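Contents: one structure, followed by commentary.
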Amino acid sequence: MVAKILLFAALLYTSAITYFSLIVMDFKVSVGGFDPTDKMLHAGAYLFLACLWKLYFVFQKPDFKRYTSNLYWVAFACFVFGMLIEVLQGTLTSYRTPDWWDVVANSTGVVLAVLFFIVMAPTVKKVKQKVS
């Protein structure tokens, strides 16, 4: 049951990132073309994206045998998704432009999620055992 809820949340959140990445955004604050607030939002959004997908796979599988390898696959998928979104912004829209700083910010969020799950693996395993 927990896995189904997490899958729904991860799919919904992935869809929301896609939608908000491809619509017109009227506000922008930047310093010399670099927007630190925007980059923090990117990092946070992708940290949460990677966390949701990793939690789904944690609760979907009955054991912890593939915890680390699965974590790296989730990270890779989130990284590719972030790059794809940037490409789509440049090809599908006339009002958005791809930004390599966004890719860096997205990747930073994913790396933070990976570090979190590596450090917290014993705790995640205990929580899973209590919930399952």
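The shown structure was predicted, so the numbers you read here are calculated from the model rather than taken from an experiment.
Atom SG of C78 is separated from atom CZ of F48 by 12.0 Å, given to the nearest 0.5 angstrom. The CD1 atom of I85 lies 5.0 Å from the CG atom of L22; values are rounded to the nearest 0.5 Å. Taken from NZ in K61 to OH in Y56, the straight-line distance is 8.0 Å, to the nearest 0.5 Å. Between L47 atom CG and L52 atom CG the span is 10.0 Å, to the nearest 0.5 Å. The structure places NE2 of H42 at 11.5 Å from OG1 of T108, a figure rounded to the nearest 0.5 Å. Remark: T37 OG1 to L41 CG distance equals 7.0 Å, nearest 0.5 Å.
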**Message:** Assess the residue pair F79 and V103 against the criterion (side-chain contact (heavy atoms from CB on, under 4.5 Å)); give the C-alpha distance rounded to whole Å, side-chain angles, the decisive distance to 0.1 Å, and a yes or no.
**Reply:** CA-CA 8 Å; F79 174 75; V103 174; 4.2 Å; yes
**Message:** Under the criterion side-chain contact (heavy atoms from CB on, under 4.5 Å), I'd like the reasoning laid out for W53 against T14: C-alpha separation, chi angles, the key distance, then a yes or no.
**Reply:** CA-CA 9 Å; W53 281 107; T14 304; 3.0 Å; yes
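Transitive grouping of hydrophobic side chains (ILVMFWY, heavy atoms separated by less than 4.5 Å) brings F64 and L71 into a common cluster. Linking ILVMFWY side-chain heavy atoms closer than 4.5 Å, directly or via other members, places L112 and Y13 in two distinct hydrophobic clusters. Under the 4.5 Å side-chain heavy-atom criterion for Ile, Leu, Val, Met, Phe, Trp and Tyr, V111 and Y72 are members of distinct hydrophobic clusters. By the criterion of side-chain heavy atoms lying less than 4.5 angstrom apart, applied directly or through intervening Ile, Leu, Val, Met, Phe, Trp or Tyr residues, F59 is grouped together with L11 in one hydrophobic cluster. Cluster annotation: V74 is connected to V124 through the hydrophobic network of ILVMFWY side chains, with a link wherever side-chain heavy atoms come within less than 4.5 Å.
Scanning all heavy atoms of the two residues, the minimum distance from A45 to I17 falls at O-CD1, 4.0 Å. When all heavy atoms of I23 and R96 are compared, the closest pair comes out as O-NH1, 2.7 Å. Scanning both residues, K128 and V58, for their nearest heavy atoms gives NZ-O, 3.0 Å. Across all non-hydrogen atoms, the minimal contact from D102 to E86 is CB-OE2, 3.3 Å.
Between L6 and F57, every side-chain heavy-atom pair lies at or beyond the 4.5 Å cut-off. With a 4.5 Å cut-off on side-chain heavy atoms, V127 and M120 do not count as touching.
A distance-only check finds no donor-acceptor pair linking the side chain of Q89 to the backbone of P98 [under 3.5 Å]. Side-chain N or O atoms of Y46 include none that pairs as donor or acceptor with a backbone N or O of A113 at under 3.5 Å.
Cation-pi geometry between K54 and Y67 is met: under 6.0 angstrom from the ring centre, within 45 degrees of the axis.
Annotation: Y95, atom OH; neighbour count of heavy atoms from other residues, nucleotides and ligands within 6.0 Å is above 12.
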